[in-house]
Participant: 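Once you've had a glance at the structure underneath, I'll fire off some questions.
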Amino acid sequence: MQIESLKKRFFQNSFWLTIGEGVSRFFMICLLIYAAKILGASEFGVFSFTISFVSIFAIFSNFGLPDITTRELARDEKNEQEYSGILSLQIFLSIAVFIFIIVSSIFIIQDDGVREITLVLGVYLLANNFLKIIYSFFRARQQMIYEAGIKILQSALIIRPIDEIYIFCC
């Protein structure tokens with residue numbers, strides 16, 4: 001009976017992760033196609049540059065912390081006491097990386113508009129990395145339904161304002 005319970009949990013968690021990732025990525029593909037259509041070639045190139053620029057720094061905002069958190073919390077429930085310290089470390093890393101994005105954008109990016117876009121995308125990507133720490137808790141407790149729900153909600157919240165802007169402009 002124990003094996004049947006594990007199989008059921010495995011398939012449920014796999015199902016929810018697939019749904020969450022699938023819907024989230026579908027929304028992001030739609031968003032990128034829409035952005036390319038609205039922005040045009042040169043502006044979309046600037047957008048792609050800012051995403052790449054911020055993504056380079058976003059790597060340093062977690063250093064594999066979500067994976068380590070998942071592993072350690074899954075090993076022993078006593079490790080949950082350390083979760084607040086992990087959240088604090090993630091906040092510190094995110095703030096440090098954001099400051100580094102600001103400083104480096106001052107020296108690398110000349111256009112003020114592009115610099116503003118870089119800062120907005122910096123906040124988004126760092127918040128997204130912060131959510132990965134939250135997801136690691138759910139993964140350690142094998143409750144992927146919450147991760148899927150958050151991912152779908154996040155994608156819908158990103159798409160919704162853009163949809164309203166499009167309706168307003170046209």
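Numbers for residues simply follow the sequence, beginning at 1.
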Participant: Might you work through the side chain to side chain contact (heavy atoms under 4.5 Å, CB included) test for Phe130 and Asn62, ending with a clear yes or no?
Facilitator: CA-CA 8 Å; Phe130 186 76; Asn62 68 16; over 6 Å; no
Participant: Can you list everything that forms a ring-ring contact (aromatic ring centres under 6.0 Å, His included) with Tyr124? Sequence neighbours excluded, please.
Facilitator: none
Participant: In Å and rounded to the nearest 0.5 Å, what is the CG to CG distance from Leu131 to Leu126?
Facilitator: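 With rounding to 0.5 Å, CG (Leu131) is 11.5 Å from CG (Leu126).
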Participant: With sequence neighbours left out, what residues match Tyr83 under ring-ring contact (aromatic ring centres under 6.0 Å, His included)?
Facilitator: Phe137
Participant: Under the side chain to side chain contact (heavy atoms under 4.5 Å, CB included) criterion, do Ile145 and Gln12 qualify, and how do the steps go?
Facilitator: CA-CA 8 Å; Ile145 188 169; Gln12 283 178 341; over 6 Å; no
Participant: Counting only pairs under 3.5 Å, give me each side-chain donor-acceptor contact of residues 63-71, with atom names and distances, residues two or more places apart or in other chains.
Facilitator:
residue	atom	partner	partner atom	Å
Thr69	OG1	Leu65	O	2.7
Thr70	OG1	Pro66	O	3.0
Thr70	OG1	Ser136	O	3.4

Participant: Let me confirm one number: the CG-CG distance from Leu17 to Asn13, rounded to the nearest 0.5 Å.
Facilitator: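 One gets 6.5 Å once the value is rounded to the nearest 0.5 Å.
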Participant: Kindly compute the distance separating OG (Ser94) from CG (Leu89), expressed to the nearest 0.5 Å.
Facilitator: 9.0 Å
Participant: Is Ile134 close to Leu87 at the side-chain level, that is, under 4.5 Å between some pair of heavy atoms?
Facilitator: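 Yes, side chains in contact.
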Participant: Measuring only between side-chain heavy atoms, which start at C-beta, is Val123 closer than 4.5 Å to Leu119?
Facilitator: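 A side-chain contact is absent here, since even the closest heavy-atom pair is not under 4.5 Å.
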Participant: Count I, L, V, M, F, W, Y as connected when their side-chain heavy atoms are under 4.5 Å apart, and connections chain through other members. Are Ile106 and Val97 then in the same cluster?
Facilitator: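 Yes, Ile106 and Val97 fall within the same hydrophobic cluster.
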Participant: So how far is it from Leu93 CG to Ser88 OG, rounded to the nearest 0.5 Å?
Facilitator: 11.0 Å
Participant: Ile86 and side chain to side chain contact (heavy atoms under 4.5 Å, CB included): which single residue from Ile91, Asn79, Ile133 fits?
Facilitator: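 The side chain to side chain contact (heavy atoms under 4.5 Å, CB included) with Ile86 is passed solely by Ile133 among Ile91, Asn79, Ile133.
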Participant: Compile the donor-acceptor pairs under 3.5 Å between side chains in residues 47-60 and protein atoms, sequence neighbours left out, one pair per line.
Facilitator:
residue	atom	partner	partner atom	Å
Ser48	OG	Phe44	O	3.0
Thr50	OG1	Val46	O	3.4
Thr50	OG1	Phe47	O	2.7
Ser52	OG	Ser48	O	3.0
Ser55	OG	Ile51	O	2.7

Participant: Provide the closest heavy-atom pair for Ser105 versus Thr118 in the form atom of the first, atom of the second, distance.
Facilitator: CB-CG2, 4.5 Å
Participant: Ile117 and Phe100: same hydrophobic cluster, using ILVMFWY side-chain contacts below 4.5 Å?
Facilitator: yes
Participant: With clusters defined by side-chain heavy atoms of hydrophobic residues (ILVMFWY) lying less than 4.5 Å apart, directly or transitively, does Tyr135 cluster with Phe10?
Facilitator: no
Participant: Taking a hydrophobic cluster as the set of Ile, Leu, Val, Met, Phe, Trp and Tyr residues connected by side-chain heavy atoms closer than 4.5 Å, whether directly or through intermediates, do Met144 and Phe11 fall within one such cluster?
Facilitator: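 As far as the 4.5 Å side-chain criterion goes, Phe11 and Met144 are not connected within one cluster.
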Participant: Would a hydrophobic clustering, with Ile, Leu, Val, Met, Phe, Trp and Tyr connected at side-chain separations under 4.5 Å, put Phe98 with Ile95?
Facilitator: yes
Participant: Report the distance from atom CG of Asn128 to atom CG of Leu121, rounding to the nearest 0.5 Å.
Facilitator: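 Here the interatomic distance stands at 11.5 Å.
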Participant: State which residues pass side-chain hydrogen bond (donor to acceptor under 3.5 Å, both in side chains) with Asp112; sequence neighbours excluded, sorted by chain then number.
Facilitator: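 For Asp112, the residues satisfying side-chain hydrogen bond (donor to acceptor under 3.5 Å, both in side chains) (neighbours in sequence not counted) are Arg115.
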Participant: Under a 3.5 Å distance rule, please check whether Arg141 uses its side chain to pair with a backbone N or O of Leu73 as donor and acceptor.
Facilitator: yes
Participant: Go through the structure and list residues passing side-chain hydrogen bond (donor to acceptor under 3.5 Å, both in side chains) with Gln142, not counting sequence neighbours.
Facilitator: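 Listed in chain order: Arg9.
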Participant: Nearest 0.5 Å, what's the CD1-OG distance between Ile29 and Ser24?
Facilitator: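 Taking CD1 in Ile29 and OG in Ser24, the distance rounds to 10.0 Å.
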